[in-house]
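Taking it in order: structure first as structure tokens, then the write-up.
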Amino acid sequence: MTVTVRFAPSPTGLIHIGNARTALLNWLFAKSHGGTFILRFDDTDRQRSTDAFAGAISEDLAWLGMHPDRIERQSQRFTRYDEIAEQFKTAGLLYPAYETPDELERKRKRQLARGRPPVYDRAALDLTADQVRELEADGRTPHWRFKLPEGTIEWTDLVRGPQSIDLSSLSDPVLIRGDGTYLYTLPSVIDDADMGVTHVIRGEDHVVNTAVQIAVFNALGHEAPQFGHHSLLVGADGKGLSKRLGSLSIAGLRESGMEAMAVASHAALIGTSDAIEPHSTLQSLAEGFDLAKLSRAPGRFDENELKTLNSRLLHELPFADVEQRLSDLEISGGEPFWNAVRGNLVQLRDAAEWWQVVHDEIVPAVGEDDREYVSMAREELPAEPWDETTWKQWTTRLKEVSGRKGKPLFMPLRLALTGLDHGPELAALLPLIGRDKVLTRLS
Ligand code: GLU
């Protein structure tokens, strides 16, 4: 059996960190089993789905390092769905119902008032041919409900363990709306069956759908895949993310300067028993991957934690991985520059500020009290060639001649050379700035 999974977004908006987590869990599961990853666009809703969103989703996945083995679109498979719908209608598995939303709501209220569960009463099954004619003459078109079998659906969830749902607690689900459009339930099952999906990994908001979908798999005569339902993400405040999805879109995080692998590491490791550490490749995340490590409690997404992870990732990133992007930022300091500044970055683009310090004009900040010391430092500046030991040599000498030590020894130099009171090691910056500029800054 080849493991086959799918990530099935509706291209009606951008994907956010929660969707990316679902995609990654599928990806890492597939890759850790030598399997196949399908990107399936659930675009049966032709009004709301757009090619632009589908393109943006592909781009976001690619940015995170996920290149699907196969791309499918539900909008190209309507003939297949119609074929199965017809079979189900003929077999009496799909039946027409005519209630309006208002009528259904009244039924629900009556049932609840009598202390009964608000389950659809199947009144539509009792309509006579005359009643149907009358309803249709009235201009009503039917929606189609799937007749759930009796009994209980059970499965062993890859995350949640043994599950059991009593079908009599559910209404017969509507699979086709009054306007003839499909709800997600049926196309999804037909696709999973036709595309050989072996494992469905998705959010726990789909648990109840799973019971219905297993019943539909059974009706198709197709063995159901295995299911794993991960918990959903909440924000640091413990509330759902839905209200902040705009800023937590993958595109938004990318634009705000987050590294793809910081986002991927965070998304893949939140809510697991593993520590949230920066991984530099999906391969490395796949190595320790196991759905059994997922907790059933909601995963907590904290943007500050992501930022911390982002800087930790940058601090370890080798030059080769960023060479192109530094050159796009017009930074030509090469590996020595990168190694000098990476430990001070929260975002890669912060490197531009340090490049300015090294390469361009800065405004030295020298306090009145330090003027004499700084000009002494200028006199004592070692001759070239310079390397990483020059700083030590220079400050050891300055310590002797000025009698200063600690902060009063170093800080005036940092302020004079960079204009800032913080930053990368001066030992590394000094040779990058170069003797000519250092002399100017010390004057
Ligand atoms: N399009 C569905 C969704 O985004 C897919 C759910 C599933 O994975 O089956 O919720």
Side-chain angles (χ1 to χ4, degrees), residues 4-30 37-45 48-49 53 57 60-61 64 66 68 74 153 155-165 170 173 183-189 191-192 197-214 216-217 224-236 238-246 248-250 253 263-264 266-273 285 289-302:
T4 302
V5 301
R6 86 296 192 276
F7 171 56
S10 295
T12 55
L14 293 174
I15 54 168
H16 55 72
I17 185 83
N19 308 120
R21 178 164 177 247
T22 306
L24 274 163
L25 296 176
N26 276 285
W27 176 270
L28 297 173
F29 184 81
F37 176 95
I38 302 173
L39 169 60
R40 186 183 85 203
F41 289 113
D42 283 3
D43 56 354
T44 55
D45 182 342
R48 293 174 57 230
S49 303
F53 282 131
I57 292 171
D60 288 346
L61 294 186
L64 290 168
M66 291 179 271
Q74 292 197 322
I153 294 282
W155 76 94
T156 303
D157 197 279
L158 299 166
V159 180
R160 299 161 60 87
Q163 303 289 303
S164 151
I165 294 189
L170 304 179
L183 279 101
Y184 131 90
T185 320
L186 181 63
S188 181
V189 172
D191 289 350
D192 289 341
V197 170
T198 57
H199 296 78
V200 171
I201 300 163
R202 58 186 177 188
E204 66 185 12
D205 47 336
H206 285 290
V207 167
V208 173
N209 287 339
T210 296
V212 168
Q213 289 185 330
I214 290 177
V216 177
F217 274 107
Q226 285 190 263
F227 288 88
H229 294 89
H230 59 76
S231 65
L232 301 182
L233 294 188
V234 294
K239 293 193 186 133
L241 291 182
S242 58
K243 295 220 172 53
R244 296 164 44 227
L245 291 186
L248 298 181
S249 69
I250 298 305
L253 293 172
V263 175
H266 200 25
L269 297 170
I270 329 177
T272 72
S273 51
L285 279 169
F289 184 79
D290 186 348
L291 281 177
K293 290 183 180 170
L294 283 178
S295 154
R296 290 189 52 174
R300 214 166 256 272
F301 175 74
D302 181 344

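Positions are given from 1, in the same order as the sequence printed here.
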Heavy-atom nearest pair, Phe301 first then Leu248, reads CE2-CD2, 3.5 Å
Taking every non-hydrogen atom, the tightest pair across Gly228 and Asp157: CA-OD1, 3.4 Å
Identified side-chain contact (heavy atoms from CB on, under 4.5 Å) partner of Ser231 from the options Arg296, Arg21, Arg160: Arg21
For the student: nearest non-hydrogen atoms of Pro187 and Thr44, plus distance: CG-CG2, 4.2 Å
Do Val5 and Trp27 come close enough that some side-chain heavy atom pair is under 4.5 Å? no
Please identify which of these residues, Ile38, Leu61, Ile201, meets the side-chain contact (heavy atoms from CB on, under 4.5 Å) condition with Phe7. Leu61
Looking at Pro225 and Val200, what are the two nearest heavy atoms and their distance? CG-CG2, 3.7 Å
Among Leu28, Leu24, Thr22, which one satisfies side-chain contact (heavy atoms from CB on, under 4.5 Å) with Asn26? Thr22
Restricting to non-hydrogen atoms, name the atom on Ala20 and the atom on Leu64 that form the minimum distance, rounded to 0.1 Å. CB-CD1, 3.9 Å
Do the side chains of Arg6 and Asp42 get close enough for a salt bridge, i.e. N-O under 4.0 angstrom? no
Partners passing side-chain contact (heavy atoms from CB on, under 4.5 Å) against Arg48 (at least two apart in sequence or in another chain): Thr12, Asp45
Least distance between heavy atoms, Pro9 atom then Ile15 atom: CB-CG2, 4.5 Å
